[in-house]
Amino acid sequence: MGLFVVFEGLDGSGKSTQARRLYEALRSEGVSVALFHEPGGTVLGEEIRRLLKSEAITGITPLSELFLFAAARTQLIKEKLGPAITQNQVVVCDRFTASTVAYQGFGRGMSLEVVTKINDIATDGTIPDLTILLDISPEDAFERHKSRHDLSKITFENDISLGVNQYSIHDNSDERFEKEPLSFHRKVHEGYAQMAQADPQRWFVLDATLTPDALTACIEEKVKKLI
Ligand code: TYD
């Protein structure tokens, strides 16, 4: 039986590792499975990914950003993800529409109605059967991220309005989203929490600070019950 499983979470939650592990585990058991990541997976999608992550793209409006993610998604669905579902494959996708709700809706503050409408158009009704949220606090995600970067290139700014330290990463990498302040990632985190709470049947929330092996075991147990 086919199944559409999506991994979601903040940057640094470990979801790409878990998506790959699930894919490998199912494949080694002879399950017909496909692995995708968003944005990307097609020639157009990878170009859009490069653009979206590039710091050279300055002044992009939230709506332009939303349309670019939607364009990458609709191309992936048309070319690859949709056919895999039609062929009853198990489809594992690293990020999907919930990322757009969390990042563009909650993070950028775009109308959730507009984001949902664009998501619906882009997906033409393709809905995940299960969304696995690797839940990590923005602070822990930041620490993980920081440990992967040269500490000397990270600056800490004082955000007086929030009364907390606001972290920004000023290194030479081209990760536009990773340079967003902690306050942005807090909103994204809140968005994920609200979506998971609103639809507990389709969302499976795991503590991303568990060991990778413990997470893999929980995920495999959950997914294998559904196949
Ligand atoms: P990526 O390197 O794939 O990050 P990660 O490994 O955390 O998935 O970069 C994708 C970035 O794009 C990530 O910061 C989240 C963001 N994003 C959105 O803002 N909206 C979306 O709809 C999607 C799919 C991703």
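For this chain, numbers begin at 1 and follow the sequence in order. We count ligands from 1, going down the list as the structure has it; atoms in each ligand are counted the same way. The structure displayed is predicted, hence computed values, not measured ones.
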Taking all non-hydrogen atoms of both residues into account, name the closest pair between L10 and I136 and its distance.
-> CD1-O, 3.5 Å

Counting from 1 in the order shown, the ligand 1 atoms closer than 4.0 Å to a non-hydrogen atom of K15 are 5 (P), 6 (O), 7 (O), 8 (O)

Ring pair (Phe, Tyr, Trp, His ring centres under 6.0 Å) assessment of F96 paired with F4 | CA-CA 11 Å; F96 198 59; F4 181 20; 5.0 Å; yes

Counting heavy atoms only, which of F7, F177, Y103 is nearest atom 11 (C) of ligand 1?
-> F177

For R49, the ligand 1 atoms with a heavy-atom partner under 4.0 Å come out as 1 (P), 2 (O), 3 (O)

Output the list of atoms in ligand 1 that are nearer than 4.0 Å to some heavy atom of D11, sorted by atom number.
-> 4 (O), 5 (P), 7 (O), 13 (C), 14 (O)

Have Y23 and D94 got a donor and an acceptor in their side chains that come within less than 3.5 Å?
-> no

Interfacing atoms of ligand 1 (cut-off 4.0 Å, heavy-atom, Q104) | 18 (C), 19 (O), 20 (N), 21 (C), 22 (O)

Can you tell me how far OG1 of T61 sits from CG of L66, rounded to the nearest 0.5 angstrom?
-> 9.0 Å

Of all protein heavy atoms, the one nearest atom 10 (C) of ligand 1 is P39 CD, 4.1 Å

Under 3.5 Å between some N or O of ligand 1 and some N or O of E65?
-> no

Would you say L3 and L130 make side-chain contact, with heavy atoms under 4.5 Å?
-> no

Beyond-backbone contact of F69 with R95, side-chain heavy atoms, under 4.5 angstrom | no

of all protein heavy atoms, closest to atom 2 (O) of ligand 1 is K53 NZ, 2.4 Å

Give the residue, atom name and distance (to 0.1 Å) of the protein heavy atom nearest atom 22 (O) of ligand 1.
-> T100 OG1, 2.6 Å

Could you establish whether R73 and ligand 1 come within less than 4.0 Å of each other, counting only heavy atoms on the residue side?
-> yes

Applying salt bridge (charged side-chain N to carboxylate O under 4.0 Å, His left out) between E38 and each of R73, R49, K80, report the one that passes.
-> R73

Would you say I132 and V223 make side-chain contact, with heavy atoms under 4.5 Å?
-> yes

Shortest protein contact, atom 25 (C) of ligand 1 (heavy atom only) | F69 CE2, 3.3 Å

